[in-house]
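We're numbering straight along the sequence, starting at 1. Both counts, for ligands and for their atoms, begin at 1 and track the order of listing.
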Amino acid sequence: MVNELVKSEKSRDSLALFVSDNVSAMLAYWDKDLICRFANMAYTEWFGKTKEEMIDKMSIKELLGPLYEKNLPYILGALQGKRQTFEREIPIPTGGTRYSIANYFPDIVNGEVRGFCVHVADITSVKLLEKELIRLKAIEAKNKELEQFTYIASHDLQEPLRTISNYISIISKDNKQEMDEQVKKYLSIISQKTDRMSMLIKGLLDYSRIGRKSKLISVDTKKVIDNVISDLGNLIKTTRSIIHIGELPSLYVYETELRQVFQNLINNAIKFKKKNITPEIWIQCIKKDSEWEFSVKDNGIGIDPKHFDRIFNIFQRLNSELDYPGYGIGLAASKKIIEMHGGRIWIESNPGAGSTFHFTISNLKP
Ligand code: ADP
């Protein structure tokens, strides 16, 4: 019974109407005199009209208003029997912009154009994604340029530094007898400082190279930490450090880089220990929604919260070089590596109360 009805001509018309009124695209038909002969709900609503006001009454010029002049070339093209496609950027009164794509399909019978059918779709989300993609590509290109610059600059800086070092050695050797203690002391300081500068430049070079040619692979993060602990064996032994390791997952990561993060954090946890207290470190990981959160906690000297942002910048150090040697690169490198993994790194700490470094790793798959 229902099937019979659906098949009848009359109900087929009403079905077509029902369908066209329930699609989000705007549909209309304009005859060759540019009078509206059909408009679906989306179309009339967009222009704030009713079907009664539009169909068989309204001209396209009246409906489009100031847009008419803009659309005229496409209207004339369609009336000449050529399909038209164009995009429009429409500011909306509430602020922001919507984007649409319009198609005019000419209705040609026996070689004569009777009118044209209009189809307008909202492509705002696609356009916004497209814009975001262009923005990200520009950032990526800028980052590459910056990395290239850092690489070249640090590479070239090593050369004059080597020359300075060589001349200091020659001067020291050749004038050993004549030099008084003061001059010897100055030369020794210059030598120490050039060595340090060379190490800083090397650090900068390594930092700029992070992420080059790296590949995501599935690894057991517990094994990564075991390897780091084995590498730090001597330091752990001499400081009698105690390390507690919780349950750790297997994840897709950039293995060498992640190993470097654990190496930096564990090394710091031991290096920044309190005097006369055995370093104790807790390493844990918990799953949070679509990411894993790792933490490395220590019982060391801690950090004043006002320095939390600073310590993740390259070459930023809070303690004297004599008490705690280092170059201020470890945390900046760790941040860069964690961001490569789609994650974040942050710290919880207070002076004298130990520090906990947290970082997240997204569920990555190659
Ligand atoms: P470096 O250890 O070579 O100085 P980092 O980039 O690893 O460089 O760390 C930057 C600074 O952050 C350190 O100089 C130190 O002041 C502080 N810091 C890092 N880790 C800790 C920690 N576990 N406890 C206390 N301070 C820390």
Side-chain angles (χ1 to χ4, degrees), residues 147 150 154 192-211 224-225 228-229 231-232 234-236 238-246 254 256-285 293-341 343-361:
E147 264 169 30
T150 316
S154 36
Q192 276 169 32
K193 293 293 173 190
T194 43
D195 284 351
R196 181 164 174 82
M197 188 163 169
S198 172
M199 289 308 287
L200 290 174
I201 292 171
K202 185 185 172 302
L204 194 61
L205 195 61
D206 291 344
Y207 176 80
S208 76
R209 276 179 178 156
I210 290 173
V224 174
I225 292 172
V228 170
I229 289 175
D231 287 349
L232 295 174
N234 259 345
L235 179 71
I236 293 169
T238 49
T239 51
R240 297 167 191 266
S241 301
I242 304 163
I243 304 180
H244 310 271
I245 305 174
Y254 300 99
T256 317
E257 285 81 0
L258 186 70
R259 185 171 163 155
Q260 199 183 328
V261 171
F262 282 116
Q263 171 114 17
N264 291 338
L265 296 183
I266 298 171
N267 191 45
N268 279 351
I270 300 173
K271 177 163 71 173
F272 296 101
K273 73 185 196 68
K274 282 185 198 156
K275 281 204 175 86
N276 306 322
I277 286 191
T278 308
E280 208 167 347
I281 302 164
W282 295 263
I283 302 172
Q284 270 170 335
C285 181
E293 184 181 314
F294 288 83
S295 59
V296 178
K297 178 175 148 69
D298 63 50
N299 60 344
I301 58 172
I303 297 175
D304 189 323
K306 71 175 183 227
H307 298 307
F308 283 179
D309 285 341
R310 228 183 94 192
I311 56 168
F312 292 101
N313 292 335
I314 196 157
F315 300 145
Q316 293 294 328
R317 315 196 62 241
L318 308 175
N319 312 93
S320 102
E321 168 63 19
L322 285 177
D323 294 339
Y324 301 97
Y327 298 100
I329 293 172
L331 288 181
S334 302
K335 183 167 183 268
K336 192 171 172 190
I337 294 168
I338 294 308
E339 285 170 358
M340 258 172 78
H341 287 85
R344 294 169 298 124
I345 184 164
W346 69 100
I347 176 181
E348 271 178 293
S349 182
N350 265 306
S355 310
T356 308
F357 283 87
H358 299 266
F359 65 85
T360 57
I361 293 209

Checking [X] side chain against [Y] main chain: does a donor-acceptor pair fall under 3.5 Å?
X	Y	result
Arg310	Leu318	no
Lys271	Pro325	yes
Asn299	Thr278	yes
Lys274	Gly352	yes
Ser198	Thr194	no

Query raised in the report: What orientation do His358 and Trp346 show, parallel under 30°, tilted 30 to 60°, or perpendicular over 60°?
Result: parallel
Report task. For the residue pair Phe262 and Phe294, categorise the inter-ring angle as parallel (less than 30°), tilted (30 to 60°) or perpendicular (more than 60°). Result -> perpendicular
Query raised in the report: Of the choices Pro325, Pro351, Ser355, which has the non-hydrogen atom that lies closest to atom 24 (N) of ligand 1?
Result: Ser355
[atom]: nearest protein contact (heavy atom, Å):
atom	answer
atom 16 (O) of ligand 1	Asn319 OD1, 2.8 Å
atom 17 (C) of ligand 1	Ile303 CD1, 3.9 Å
atom 4 (O) of ligand 1	Arg317 NE, 2.5 Å
atom 7 (O) of ligand 1	Asn268 ND2, 2.8 Å
atom 6 (O) of ligand 1	Leu331 N, 2.8 Å
atom 23 (N) of ligand 1	Asp298 OD2, 2.9 Å
atom 8 (O) of ligand 1	Gly328 CA, 3.1 Å
atom 15 (C) of ligand 1	Phe272 CZ, 3.4 Å

Below 3.5 Å, N or O to N or O, backbone or side chain included: is there any such pair between [X] and ligand 1?
X	value
Ala332	no
Gln316	no
Leu318	yes

Just jot down the ligand 1 atoms closer than 4.0 angstrom to any heavy atom of [X], in number order.
X	answer
Ile329	6 (O), 8 (O)
Gly326	3 (O)
Gly330	5 (P), 6 (O), 7 (O)

Query raised in the report: Using a heavy-atom cut-off of under 4.0 Å, does the side chain or the backbone of Tyr324 touch ligand 1, or both, or neither?
Result: neither
Query raised in the report: Under 4.0 angstrom from ligand 1, any heavy atom of Lys271?
Result: yes
Query raised in the report: Quick one: are Ile337 and Tyr254 in side-chain contact, heavy atoms under 4.5 Å?
Result: no
**Report entry** Close side-chain approach of Ile311 to Phe357, heavy-atom, < 4.5 Å
**Finding:** yes
**Report entry** The single option from Ile283, Leu232, Val228 passing side chain to side chain contact (heavy atoms under 4.5 Å, CB included) against Ile243
**Finding:** Ile283
Report summary line: Hits for side chain to side chain donor-acceptor pair (under 3.5 Å) against Ser349, two or more places apart or cross-chain, chain-then-number order -> Ser355
